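Each remark here refers to the structure printed beneath this line.
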Amino acid sequence: QSWAAEETIKIGVVGPRTGTAAATGKAFQEGIELALDRINKAGGVLGKKLEVIFEDTAGDPAKAASAIEKLITHDKVVMVVGESHSSAALAEIDVANRLKVPFIIAEAWHDDITKKNYKYVFRAGPCNSGVVNGYILGFIKDYGFKKVAIVAENTDWGLGIKELAEKGLKKAGITYTSLVTERKSQDHYAELNKIKKFGPDLILAFVYGFGVHYFIAQANEVGIVPQTALILEGAGPPSLWPEFWKTVGDAGNLELFVSRMHPAVTFTKVAKEFREAYKKKFHKPPTDYKSRSIFDVLLIAADALNRAGSTNPDKIVEALENTNLTVSSGVVRFGTTKGTYAYHQWQPPMLIIQWQDRKQVVVYPKDVATGKLRKQ
Amino acid sequence: MVDLLLYLTNGIVMGTSYALCALGVALVVGVMRVINFAHGEFYVLAGYLSATFASALHLGIFPSIAMSILCVFFVGLVVERFLIRPTYGNEMYSLIITFILYIIVENLYLFIFGPYPQKPPNWVSGSQNLFGLFYYGNQRLVSFVTAALLISIFLVVLHKTWLGRVIRAVAIDREMASLLGVNPTRINFFSFGLGCVLAGAAGIVLTPIFPVVPTVGVGISLTAFVVVVLGGMDSFLGAVVGGLILGIVENLGVAYISSGYKHLFGFVILILVLFLKPTGLFGHRQFQ
Amino acid sequence: MLVVHNVHLDIGENLILKGISLQVGKGERIAVLGANGAGKTSLIKAIMGLLPIKSGQILFNGKKIHSLPPYEIAELGIACVPEGRRVFADMTVKDNLLMGAYLPHARNKIKETIDQVLSLFPILKERMNQRAGTLSGGEQQMLAIGRAMMSRPQLLIIDELSLGLAPVVVQEIYRVISKLSEDVSLLIVEQNVEIALNNTNFAYILEVGSVVRKGKSSDLLRDPSIKEAYLGM
Amino acid sequence: MKRANLVSWCIAFVVALILPFLVSDYWLHSLISGLFYVLMASSWNLIAGYTGQVSFAHAAFAGIGCYTSGILAVKFGIPPFFGILTGIILAALLSLTLGALCIRMGGIYLSLTTLGFSEIVRIIIQNEYKITRGTMGLKVPFLFGNYSKITAFYIMLAAVVLVLVGIYFVLKSDLGLQFRAVQNDEIAAASVGVPVVFVRLTAFVMAGSLAALAGGLYGHYLLLITPHIPSLDTMFLVLAMTVIGGMGTMAGPVVGALFLEILSEYIRVYGEFHVLVFAIVAMIFARFFPQGIVGFMGNLIKQKT
Amino acid sequence: MLLLELNEVSKSFGGVKALENVTAEVQEGEIVGLIGPNGAGKTTLFNVIAGVIKCDRGKVKFAGKDITKYPTHKISTLGIGRTFQIVRPFATMSCLENVLVALSISEKSRSKNERIEKAQELLETVGLAEKEQTPAGNLNLIDKKRLELARALATNPRLLLLDEVIGGLNSYEVGEAIALIDKLRKNFKLTILWIEHVMKAIMQLSDRILVLDQGKLICEGTPEEVSHDARVIRAYLGDSSASSS
Ligand SMILES: Nc1ncnc2c1ncn2[C@@H]1O[C@H](COP(=O)(O)OP(=O)(O)OP(=O)(O)O)[C@@H](O)[C@H]1O
Ligand SMILES: Nc1ncnc2c1ncn2[C@@H]1O[C@H](COP(=O)(O)OP(=O)(O)OP(=O)(O)O)[C@@H](O)[C@H]1O
Ligand SMILES: [Mg+2]
Ligand SMILES: [Mg+2]
């Protein structure tokens with residue numbers, strides 16, 4: 001085993017492979033395979049083959065902390081990437097920073113992750129402020145929604161993004177109400193009744209996982225969606241999972257969601273290459289964009305390692321800070337001014353997509369839109 | 001007022017399926033003096049099977065339901081034969097065994113069916129405007145009617161047929177029943193299977209509304225325990241009334257207190273009932 | 001019909017039956033008498049398969065039954081009214097009676113038998129839909145006997161027939177029993193020696209697990225040493 | 001205690017003392033978790049193994065211990081040492097109340113009530129996220145000073161030794177005699193004057209407090225406490241460890257906890273299925289060797305001599 | 001001195017009236033036999049006195065104290081010891097430990113060694129000296145009954161309730177047992193209330209006899225009086241009017 005260790009450079013990946021968000025693990029797994037193919041074909045890193053060890057967090061912060069600790073102390077990885085739960089990420093960054101190993105987060109959105117300004121922590125993925133201020137609020141204003149109901153799960157991500165949305169709506173003078181729900185709860189009739197009485201024309205659902213499917217299906221049953229209001233799902237992938245249509249059925253029509261990927265919108269050449277490689281390897285088009293997110297962070301990591309010329313963590317951090325790399329979702333440059341969440345943060349461009357007769361139509365930002373928003 | 005009516009309706013609808021599931025616990029406790037911690041896992045099994053049969057084997061809704069129920073029954077029999085039978089007479093031992101069984105099965109589901117929710121196709125779609133006041137999902141209404149029907153059938157079978165008479169007799173006095181020619185081991189065997197079928201039936205009825213994931217089983221078991229303790233462990237009628245009460249209390253609680261605390265109300269009731277009237281609302285016998 | 005041959009039985013280390021033998025012939029009415037703890041109930045439990053015997057044999061119509069489970073013994077045609085009656089308290093009188101006819105051969109003739117039983121115990125007819133647990137002691141005893149009758153047994157065993165019953169009721173039950181014995185053999189356990197001897201043909205007297213006397217009931221009834229033996233003086 | 005037993009305990013202790021210098025940082029983590037489970041299983045054994053009450057609230061009491069101390073540390077800056085003490089006291093009070101409610105009934109009722117209690121604790125922790133940070137987990141300071149696994153190991157080890165010695169003396173005392181009497185036959189015990197309810201309650205409160213101690217120490221070692229600690233999953237591990245090791249013996253829970261913890265490192269390769277493997281092992285023991293490893297070995301030795 | 005006083009004690013189980021208005025007294029130093037047909041309520045009466053079962057109505061007084069509502073363990077510490085008809089040893093514990101459990105309550109202030117000595121003494125008294133390390137579950141029935149006796153004595157009782165301790169013994173053993181009980185009574189200055197169906201024993205040793213039938217106290221008096229009482233004879237031999245058919 002020690003023989004193999006000399007032959008490869010190891011990067012750790014953390015993410016949920018079991019539990020309610022295990023689908024993310026699957027998407028990560030696909031992205032990892034594609035990234036390894038690409039990187040190792042191009043000569044690997046530091047002249048050696050790149051190896052990835054994917055440790056399960058089960059979406060639980062405590063397990064996440066011990067998973068990343070295991071990767072660093074036991075498997076001796078030189079960098080860690082991944083994660084898609086803010087709560088887990090917030091636990092992991094402490095460990096990474098304490099053990100001084102660079103950690104690039106792919107899909108945990110909470111502002112605090114980079115706001116802490118940890119030296120070894122980077123994020124090459126969306127953050128709540130970026131998504132809310134850059135996309136959701138603009139979408140609401142541009143399309144003239146008047147009354148918004150917010151439903152948020154009680155996690156770091158849900159509560160954080162809810163607060164940002166509330167702030168933004170207040171500033172824009174749009175009436176809103178908010179409810180906090182449990183991620184695992186199944187029966188939403190009582191909550192929906194409250195929403196119905198409020199009478200919104202848009203529901204912002206910040207619920208990750210299958211919970212949002214139940215919510216949409218039931219919202220349709222009680223006659224809210226899409227009859228009187230549209231729903232914007234704030235986390236993306238759950239609306240792309242195969243179970244989505246099975247659970248929500250026709251209620252999913254006209255549902256909106258935030259995404260990083262659409263077949264018709266290619267920000268870069270790498271995006272096209274990713275799409276082709278994916279189709280070739282898995283014999284289907286990519287659906288869950290998180291496969292591409294992890295793909296991107298691995299490219300970023302490999303690039304930084306190569307530029308650093310060593311596995312010394314401080315050198316890697318330096319290299320990361322000077323990143324200027326084209327990945328599938330754009331050109332990566334990390335912020336370097338301390339003091340805000342923008343430190344070590346790169347916000348990729350996002351899309352707001354609407355399901356129209358089971359086809360994804362980009363409706364926002366308007367410059368890349370592939371169709372019109374349908375309200376009825 | 002309209003709100004209250006909605007919450008009550010939903011409470012009754014949910015409560016009916018709680019009752020269906022809890023009847024299985026009451027049956028197994030009554031006949032065998034066994035608390036089956038893995039009860040809810042049979043609910044999950046039925047849910048998965050009906051989804052799988054419908055989607056993978058392209059069976060119609062009803063054939064897949066029938067096949068799932070049959071499978072659940074057989075699995076129940078196997079569990080009884082190899083795990084429960086050696087524990088007869090030692091309820092703590094059976095509790096430990098079934099607790100471990102629940103962990104095994106829950107993880108097996110993860111292994112076999114994956115972490116994603118699965119659901120059989122809806123029997124009906126759309127919703128109804130109830131009392132001209134609010135919309136209510138058709139599937140929920142159909143599930144409610146089915147659950148109520150199954151409960152009635154079960155109660156009729158229990159009180160009007162030979163099978164039911166024998167089950168009740170064994171539950172009251174096994175030794176006496178055996179003196180009358182009843183083979184109590186076989187009744188245990190069968191009752192356990194039937195108890196699992198009741199959990200399975202609840203699963204069949206509810207999974208079109210709430211898709212199953214590997215981990216829902218324990219919540220179902222806990223709900224069923226709350227219901228039987230509330231109603232009285234030796235009373236089938238108690239399980240029915242207990243289910244309805246729990247359904248209503250949960251819904252009112254969610255509406256007027258907090259949705260996060262939905263499952264808390266049940267346990268608070270459980271502890272209060274155990275404290276104030278250990279035999280439950282309709283029970284006579286205390287278990288030791 | 002029933003032959004108990006040299007049966008020994010232990011409960012734990014306690015020797016309860018120490019070589020008991022007795023016989024019940026067709027159409028006979030046999031009494032087993034003895035003080036508290038003599039082993040009468042244990043004997044019946046052994047016959048019914050509720051207690052395993054250590055040695056000896058129990059035969060019914062020539063077939064060994066001492067290693068069979070109770071339900072198979074019942075199937076062979078032995079019915080039992082156990083000590084304490086044990087009616088199914090939460091079930092109706094009717095369901096109790098029906099439970100008695102659980103065995104297939106009895107189920108076929110259920111209507112006939114139920115009429116017969118109700119004509120023997122007319123009081124049960126009025127109580128058909130009452131919960132058995134709410135019956136009085138005497139009524140419960142009648143129900144227990146009726147329930148046993150429902151299986152159309154060849155042999156009926158009754159433990160402590162008169163226990164806890166008012167004298168009038170005892171009298172009434174014995175009257176019915178004597179009618180029964182036209183079709184059924186009877187094995188009756190009693191502490192009430194006099195009553196039992198008055199109503200049976202043959203009796204065995206048990207003391208601490210062994211048969212100490214046996215003989216025609218009428219002979220024993222006349223024996224003055226019997227009374228004395230029973231107060232232990 | 002028999003000489004051979006005493007010698008093996010001493011050897012185990014000495015090995016434990018030098019262990020941190022022999023193993024990697026990573027294994028040290030496993031060992032600390034192992035010690036946590038030793039505490040949990042040994043204290044659960046006190047009720048389940050010695051007074052025959054299957055309580056499902058043990059993990060919940062551990063949760064009460066770590067959350068009390070964690071919240072005190074985070075919100076009021078109280079040092080973990082006092083926090084843990086407060087947690088223990090709170091757990092003792094709660095177990096006293098809960099026990100007073102349900103111990104009289106015993107048996108299945110105790111199991112169901114404790115199950116209900118444990119769910120209530122979990123639900124409250126999950127929902128009062130403003131205080132507990134719910135499923136997100138509460139970040140807490142280290143036990144004292146700077147974070148060090150070695151320190152954590154020795155503190156845990158000290159707790160384990162103290163608790164085991166304490167349990168040993170309790171079992172040897174009048175109370176221990178009465179525990180066993182109550183487990184054998186409550187009515188007979190009461191008729192010779194043993195205050196049955198009080199004795200069971202004492203066991204229950206002792207076990208609850210020890211669980212809180214274990215939870216508190218573990219939480220401040222992990223630096224992050226989540227509702228996973230007071231969950232049925234943890235409860236399962238504690239039960240499985242005790243059953244596999246051997247209920248009602250001093251060594252059983254210790255052996256069971258360390259065995260499963262080490263086993264868990266080796267079956268990590270099964271990733272998400274390692275709980276399944278655990279559960280199957282536990283089932284095999286519960287079903288075929290209900291006396292556990294310790295009981296089984298004991299029988300083997302007996303048979304040979 | 002009046003030690004035990006029962007005042008209109010009644011208890012029913014569902015429909016069964018196990019005890020009906022039982023009023024009786026036991027004087028300090030007496031040995032009183034309790035007899036009656038099976039199911040008469042004798043054991044139930046013991047359970048009521050010992051607090052295992054709470055009576056529905058009536059009062060139980062011990063040494064002038066109303067103990068009706070006392071829990072079992074408290075009654076035991078007040079000085080009522082008992083044995084069980086169906087023996088209940090602490091099966092997994094050794095004979096010595098069985099007795100030590102009782103001593104841990106009754107002799108709290110004594111040191112461990114003193115208690116062990118006392119326990120050994122008691123075991124010797126009942127003839128179990130050799131078996132002090134044997135698990136109680138492995139004893140035979142007679143030894144278990146001896147152990148029950150030793151355990152009951154270890155509670156330092158003033159009143160001892162013995163429920164069929166002689167049952168199941170052969171006549172030689174019965175003789176021994178009677179001698180033992182008599183000895184204990186004198187050595188420990190005991191008052192004894194005992195249930196027995198071995199008439200020989202009960203008639204020989206009791207100062208007074210109480211007769212229960214169907215939950216009612218139908219007779220009390222000296223052995224001589226009781227054995228000639230018409231009601232008692234009827235309770236055993238049956239009401240001749242019922243057999244006239
Ligand atoms: N489970 C048991 N454990 C120990 N001894 C027992 C048990 N059951 C019965 N015995 C003893 O066996 C002996 C015979 O009991 P059995 O019940 O057969 O007597 P019986 O003749 O029916 O008396 P009764 O008139 O009280 O009904 C008695 O000494 C009794 O104490
Ligand atoms: N816990 C109980 N529940 C229901 N009925 C009971 C209970 N204990 C006793 N009984 C009933 O109370 C009556 C008196 O029983 P008890 O045991 O006191 O009789 P006993 O005089 O000791 O008889 P034996 O000589 O057989 O020991 C019986 O009818 C018995 O069935
Ligand atoms: Mg008898
Ligand atoms: Mg008795």
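It should be emphasised that the depicted structure is a prediction, and the values quoted were computed from it without experimental measurement.
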Less than 4.5 Å apart, side chain to side chain, heavy atoms only: is that true for [X] and [Y]?
X	Y	value
B/Asn107	D/Phe278	no
B/Ile100	D/Leu239	yes
D/Leu232	B/Tyr102	yes
B/Met233	D/Ile108	yes
D/Thr113	B/Val229	no
B/Leu83	D/Met283	yes
D/Phe56	B/Leu95	yes

- Might you confirm whether atom OH of B/Tyr88 has over 12 heavy atoms from other residues, nucleotides or ligands at distances under 6.0 Å?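 Result for OH/B/Tyr88: enclosed.
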- So with a 6.0 Å cut-off around OH of B/Tyr256, is the heavy-atom count from everything else above 12?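 Enclosed: over 12 neighbouring heavy atoms sit under 6.0 Å from OH of B/Tyr256.
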Any chance you could measure [X], atom [atom1], to [Y], atom [atom2], to the nearest 0.5 Å?
X	Y	atom1	atom2	value
B/Tyr109	D/Leu276	OH	CG	12.5 Å
D/Met235	B/Phe99	CE	CZ	6.5 Å
B/Leu270	D/Tyr109	CG	OH	11.0 Å

- Could you name the residues of residues 117-132 of chain D that have a heavy atom within less than 4.5 Å of a heavy atom in chain B?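 Within residues 117-132 of chain D, near chain B: D/Phe117, D/Glu119, D/Ile120, D/Ile123, D/Ile124, D/Asn127, D/Glu128.
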- Between D/Leu101, D/Asp233, D/Val54, which shows the greatest number of heavy-atom pairs under 4.5 Å with chain B?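 Going by pairs under 4.5 Å, I would pick D/Leu101.
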- Message: Would the distance check show the side chain of D/Arg287 and the main-chain N or O of B/Phe82 forming a donor-acceptor pair, the cut-off being under 3.5 Å?
- Response: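 Flag set: sc D/Arg287 to bb B/Phe82 pair under 3.5 Å.
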- Would a distance-only check, ignoring hydrogens and angles, find a side-chain to backbone donor-acceptor pair under 3.5 Å from B/Tyr93 to D/Ala286?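 Checked: pair present.
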- Item | Any residue of residues 218-226 of chain B which, by heavy atoms, sits under 4.5 Å from chain D |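 Residues B/Val218, B/Leu222, B/Phe225 are the ones that qualify, each having a heavy atom under 4.5 Å from chain D.
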- Under 4.5 Å from a heavy atom of chain B, the part of D/Ala282 involved: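 Backbone plus side chain of D/Ala282, per the 4.5 Å heavy-atom cut-off to chain B.
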- Contact origin within D/Ile280 toward chain B - heavy atom pairs under 4.5 Å: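 For D/Ile280, the contact with chain B is made by backbone and side chain together.
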- Let me know if B/Phe37 has heavy atoms under 4.5 Å from chain D in its side chain, its backbone, both or neither.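 Side chain only.
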